[in-house]
Number of protein chains: 2
Amino acid sequence: MSLRLSLLGMLSSHSMTGYDLKKMADNTIAKFREAQTSQVYRELNYMEDIGWLTSVIEIQTEKPNKRIYSITPTGREAYLEWLKESPLDEEKLNVSVFLMKTFFAGDRSVKENLDIFKQFKQACQRKLAEIEASFRELAEFQIKLPEHQAHAPYWQLTSNFEIAFYNMCIEWADKCVKAIEIQGAK
Amino acid sequence: MSLRLSLLGMLSSHSMTGYDLKKMADNTIAKFREAQTSQVYRELNYMEDIGWLTSVIEIQTEKPNKRIYSITPTGREAYLEWLKESPLDEEKLNVSVFLMKTFFAGDRSVKENLDIFKQFKQACQRKLAEIEASFRELAEFQIKLPEHQAHAPYWQLTSNFEIAFYNMCIEWADKCVKAIEIQGAK
DNA sequence: TGGGTCATGTAACCTGTTACATGATTAG
DNA sequence: CTAATCATGTAACAGGTTACATGACCCA
């Protein structure tokens with residue numbers, strides 16, 4: 001789903017071939033979501049079927065012909081709607097999807113971006129609170145299963161990771177807000 | 001795959017039903033990998049087919065009968081092999097798989113754990129170096145596509161995230177090593 | 001002469017998700 | 001009376017991965 005929308009996002013600034021999209025994805029969003037060639041072509045077919053894209057074949061003599069995809073108004077609408085969704089509208093806080101959207105955030109207004117990053121921060125703070133709660137649950141679980149003693153210290157390490165992760169996200173979100181404010185002031 | 005191995009890991013300390021496994025997964029590894037009931041049963045069937053598990057039906061009168069799964073020696077071997085693999089043996093550094101394994105790290109020796117966490121740290125350091133390289137690639141990409149000016153500051157934010165993430169991982173790995181050393185000294 | 005780039009895709013498979021189905025007991 | 005708990009699963013679908021197939025041109 002999010003690969004689909006990312007391809008759409010790339011096509012929203014340029015018409016391109018599947019081949020170009022694959023290369024662009026490798027250079028940009030690959031860290032959050034890899035794009036297999038086969039999946040790229042499948043998604044393009046699908047989006048053409050549902051009317052988000054149209055394609056034209058360009059005949060070349062020295063090189064293989066290429067099929068150039070362009071976004072349609074319906075496609076652009078779908079893309080902007082996806083971008084607009086805040087991390088709270090999505091069923092759960094999915095950080096890698098959030099990062100993919102950040103990659104396309106230039107297609108949102110500065111105000112929208114400020115709001116979204118602030119919401120993201122709050123969502124992370126709530127996550128931290130949840131982790132504390134599940135910490136207690138895990139402790140109860142440990143009491144019920146005393147034979148798991150050897151495992152307990154490592155369970156703690158995974159909880160520590162989560163806490164460090166969301167704290168990092170919060171700090172990052174703060175820095176993003178500042179950066180966007182400076183950008184917006186220009 | 002990693003859900004499969006996680007279920008196997010849980011069964012390696014206790015024989016349990018699918019229902020128990022689902023509950024246990026919800027209480028423990030759910031943050032890294034969710035387990036749908038349907039998938040749990042499918043994986044159990046599959047692992048029984050390939051000889052990693054056996055099952056016995058326990059007839060109950062007041063409650064529905066239950067099918068209790070037990071790990072076989074082949075299954076235990078497969079589990080320990082999976083656990084032993086360092087983050088470098090796996091094709092790519094997958095942090096959430098690493099965390100799942102951390103959850104089961106009590107089934108590895110203290111020495112193995114120390115090695116693995118040190119290797120994890122090194123892998124993260126290498127990732128940081130890669131990010132710097134891809135930073136430059138992204139910059140080139142921007143030069144080629146000057147119309148992407150509005151996007152550039154947000155691309156920067158995603159790179160910042162990655163850097164913060166791997167730095168956090170490195171710090172966490174250091175703390176883990178210290179914690180394991182203290183634990184091992186007992 | 002061998003590997004990289006350009007350019008398209010198909011087929012099969014694996015994993016994960018959603019929705020559906022059943023039914024008794026027990027606690028509030 | 002109603003919701004939760006115990007306990008099992010199937011079917012269909014969606015999304016991502018792996019492997020395969022083709023073929024010309026260009027550069028070292």
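A, B, ... follow the sequence lines: proteins, then strands. Residue 1 opens every chain.
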Are any of the side-chain nitrogens in A:Lys22 or A:Asp26 under 4.0 Å away from the carboxylate oxygens of its partner?
yes

Measure from CG on B:Leu5 to C1' on C:dT15 and round the result to the nearest Å.
14 Å

Measure OH/B:Tyr46 against P/D:dG9 and give the value in whole Å, please.
19 Å

To the nearest Å, how far apart are B:Met100 CE and C:dT15 C1'?
13 Å

Interatomic distance, B:Met16 CE vs D:dA7 C1' [rounded to whole Å]:
15 Å

Tightest non-hydrogen contact, residues A:Phe165 and B:Met168, listed as CA-CE, 3.6 Å

Rounded to whole Å, how long is the line connecting atom OH of A:Tyr19 with atom C1' of D:dT22?
15 Å

Side chain of B:Arg4: nearest nucleotide among C:dT8, C:dT15, D:dG15?
C:dT15

Among the nucleotides D:dG15, C:dT5, C:dG16, whichever has the atom closest to the side chain of A:Gln39 is D:dG15

Within the 4.0 Å heavy-atom criterion, would you say A:Arg42 contacts the bases, only the backbone, or no part of the nucleic acid?
base

Quickly work out the B:Leu3 CG to C:dC14 C1' distance and round it to whole Å.
13 Å

Salt-bridge test for B:Arg67 and B:Glu58: reply yes if a basic N is under 4.0 Å from a carboxylate O, no otherwise.
no

Report the nucleotide, chosen from C:dT5, C:dT17, D:dG16, that has the shortest atom-to-atom distance to any side-chain atom of B:Gln36.
C:dT17

Below 4.0 angstrom, N of the basic side chain to O of the carboxylate: do B:Glu85 and B:Lys101 qualify?
yes

Which residue lies toward the 5' end of DNA chain C, A:Lys66 or A:Ser38, if each is placed at its nearest nucleotide?
A:Lys66

How long is the line joining CD of A:Glu43 and C1' of D:dG15, in whole Å?
8 Å

Quick one, A:Tyr19 with A:Tyr41, criterion ring pair (Phe, Tyr, Trp, His ring centres under 6.0 Å). Give me CA distance, side-chain angles, the key distance, then yes/no.
CA-CA 9 Å; A:Tyr19 186 80; A:Tyr41 286 110; 8.7 Å; no

Ranking D:dA7, C:dT18, C:dG9 by distance to the side chain of B:Tyr41, first place goes to D:dA7

For the pair made of CD in B:Glu58 and P in D:dA7, what is the distance, rounded to whole Å?
9 Å

Nearest to the side chain of A:Thr17, which nucleotide is it out of D:dA7, C:dA7, C:dT15?
C:dA7

